[in-house]
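Written below as structure tokens is the structure these notes are about.
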Number of protein chains: 2
Amino acid sequence: MDQLRETLKVHQLRTTTCREDVLSTFINKKNALSHGDLEGALGENYDRVTIYRTLKTFLEKGIIHKVLDDEGLRYALCSHSCSEEKHQHDHIHFKCNICGKTNCLENQLIPEIALPQGYKPENFNLLIQGTCPSCNN
Amino acid sequence: MDQLRETLKVHQLRTTTCREDVLSTFINKKNALSHGDLEGALGENYDRVTIYRTLKTFLEKGIIHKVLDDEGLRYALCSHSCSEEKHQHDHIHFKCNICGKTNCLENQLIPEIALPQGYKPENFNLLIQGTCPSCNN
DNA sequence: ATACTAAATACAATGATGTTGCAAAAATAA
DNA sequence: TTATTTTTGCAACATCATTGTATTTAGTAT
Ligand SMILES: [Mn+2]
Ligand SMILES: [Mn+2]
Ligand SMILES: [Zn+2]
Ligand SMILES: [Zn+2]
């Protein structure tokens with residue numbers, strides 16, 4: 001895929017097979033992934049440490065963002081143009097208690113919140129847990 | 001403090017010095033605490049494992065609730081009457097990027113959220129990061 | 001007060017997760 | 001192709017978390 005190389009190039013990263021594979025894993029599986037998930041998918045091919053460093057790099061460059069979870073951090077693709085300077089995420093994350101998958105609801109924005117005097121909010125992270133459409137019958 | 005013993009009794013837990021100390025640590029420090037925080041405060045007196053198990057027990061009994069964080073789980077007191085059956089938490093958590101403390105904003109409720117068809121929300125976790133009143137001058 | 005029983009703790013062992021330093025390999029630039 | 005810079009793999013280490021078990025303790029019955 002040339003799309004992968006393009007994304008890496010845009011973020012000023014060298015093309016390596018590990019980065020291509022990690023990126024394409026995020027694209028193929030649609031849901032948020034933990035380091036362990038990636039290790040499970042690619043661990044035969046790459047060292048644990050390399051995957052850690054790839055995640056760190058992608059995070060810094062604005063290719064992925066952290067997704068809060070009640071049992072460990074996950075990561076998901078930044079859909080819009082995040083960069084090294086600013087990550088902008090105002091969408092909701094939904095974790096299904098049945099299938100266990102966590103997804104970005106890109107179109108569901110976190111509503112405006114009024115905070116008491118003195119609080120200067122900068123980042124918002126909303127995780128909703130429940131049952132997802134696939135598991136809800 | 002007899003208040004501590006009372007709280008433990010209400011949740012059908014035996015009174016032990018470790019449980020009293022963990023509970024009073026949560027009460028004294030007002031902010032959310034990680035296992036590491038508690039180990040730092042009480043590690044001389046109790047084994048790491050005992051603190052883990054105390055947190056697990058408190059969680060199950062509805063004495064504390066999880067506070068999501070981008071760098072590791074924390075816990076905070078359940079102010080209202082949570083029980084073994086149901087944890088009900090609809091308040092906001094605020095993490096200060098300066099002092100690093102995370103607090104429950106008990107009075108700031110998470111607003112109603114409209115989700116797409118098929119999603120059955122059950123739990124809400126909203127973490128707002130920024131500058132807290134104490135660090136904001 | 002003492003003995004009994006169930007629960008909680010300490011300790012050791014093990015496993016999972018995450019980090020650091022550095023030599024070898026690979027990607028880009030010259 | 002060669003030189004330069006970045007990335008990777010590996011090993012060592014550090015931190016975090018879980019499990020099993022003997023001992024101790026809390027609550028209860030005697
Ligand atoms: Mn997202
Ligand atoms: Mn809270
Ligand atoms: Zn599901
Ligand atoms: Zn602060």
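When reading the values below, keep in mind they use all heavy atoms of this one structure, side chains included, and skip hydrogens, waters and symmetry mates. Computed from a predicted structure; not experimentally measured. Reminder, nothing fancy here: chain letters follow the sequence lines and each chain counts from 1.
- Taking atom CD of A:Q12 as the reference point, atom P of D:dT5 lies 17 Å away to the nearest angstrom.
- Side chain of A:N136 to backbone of B:G118: a donor-acceptor contact under 3.5 angstrom is found.
- Taken to the nearest 0.5 Å, the CG atom of A:L127 stands 7.0 Å off from the CG atom of A:L68.
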Please list, pair by pair, any protein nitrogen or oxygen found under 3.5 Å from a nitrogen or oxygen in nucleotides 23-25 of chain C.
none

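- Remark: of the listed residues B:I128, B:D69, B:N31, B:D69 is the sole one forming a side chain to side chain contact (heavy atoms under 4.5 Å, CB included) with B:T102.
- Atom pair B:E20:CD and D:dT25:P shows a separation of 15 Å (rounding to whole Å applied).
- B:R19 places a side-chain N or O within donor-acceptor distance of the main-chain N or O of B:R14, the cut-off being under 3.5 Å.
- Within residues 67-78 of chain A, no residue is approached by DNA chain C to less than 4.0 Å at the level of any non-hydrogen atom.
- Across residues 43-64 of chain B, B:N45, B:Y46, B:D47, B:V49, B:T50, B:R53 each have a non-hydrogen atom less than 4.0 Å from an atom of DNA chain C (numbered order).
- In summary, A:D37 and A:K29 do not engage in a salt bridge, as defined by a charged side-chain N under 4.0 Å from a carboxylate O.
- Atoms OG and OH, on A:S134 and B:Y119 in that order, are 7.5 Å from each other to the nearest 0.5 Å.
- Other residues, nucleotides and ligands contribute at most 12 non-hydrogen atoms within 6.0 Å of the NZ atom of B:K101.
- When rounded to the nearest whole Å, the span between CD of A:E39 and P of C:dT19 equals 13 Å.
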Practice item. Go through the steps for B:L105 and A:L115 under the test side chain to side chain contact (heavy atoms under 4.5 Å, CB included), then give the verdict. Key: CA-CA 9 Å; B:L105 303 187; A:L115 290 179; 3.7 Å; yes
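- Taking the side chain to side chain contact (heavy atoms under 4.5 Å, CB included) definition, one finds that A:K30 meets it with A:N103, sequence neighbours left out.
- Listed by first and then second residue, the ring pair (Phe, Tyr, Trp, His ring centres under 6.0 Å) pairs involving residues 10-41 of chain B are B:H35-B:Y52 (not counting sequence neighbours).
- An OP1 or OP2 oxygen of D:dT8 is reached within less than 4.0 angstrom by a side-chain nitrogen or oxygen of A:T16.
- Between A:L13 atom CG and C:dT28 atom P there is a gap of 10 Å when expressed in whole angstrom units.
- Checking C:dA7, D:dT8, D:dA17 against every side-chain atom of B:H35, the shortest atom distance belongs to D:dA17.
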Point to revise | B:L33 and B:Y75: CA distance, side-chain angles, deciding distance, side chain to side chain contact (heavy atoms under 4.5 Å, CB included) verdict | key: CA-CA 5 Å; B:L33 302 173; B:Y75 304 88; 5.8 Å; no
Practice item. Dump the intermediate steps for side chain to side chain contact (heavy atoms under 4.5 Å, CB included) on B:I63 and B:T57, then the final yes or no. Key: CA-CA 9 Å; B:I63 297 175; B:T57 303; over 6 Å; no
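- The CD1 atom of B:I51 sits 6.0 Å away from atom CG of B:L38, with the distance rounded to the nearest 0.5 Å.
- Taking atom CG on B:L8 and atom C1' on C:dA8, their separation rounds to 13 Å, with Å as the unit.
- Put simply, NZ on A:K66 is 13 Å from C1' on C:dG18, counting in whole angstrom units.
- Remark on the helix from C:dA1-D:dT30 to C:dA30-D:dT1: inter-end axis angle 30°, axes from five-pair C1' superpositions, rounded to 10°.
- The side chain of B:R19 contributes an N or O atom lying less than 4.0 Å from OP1 or OP2 of C:dA8.
- Residues B:N123 and B:H89 have side chains not in contact (no heavy-atom distance under 4.5 Å, counting atoms from C-beta outward).
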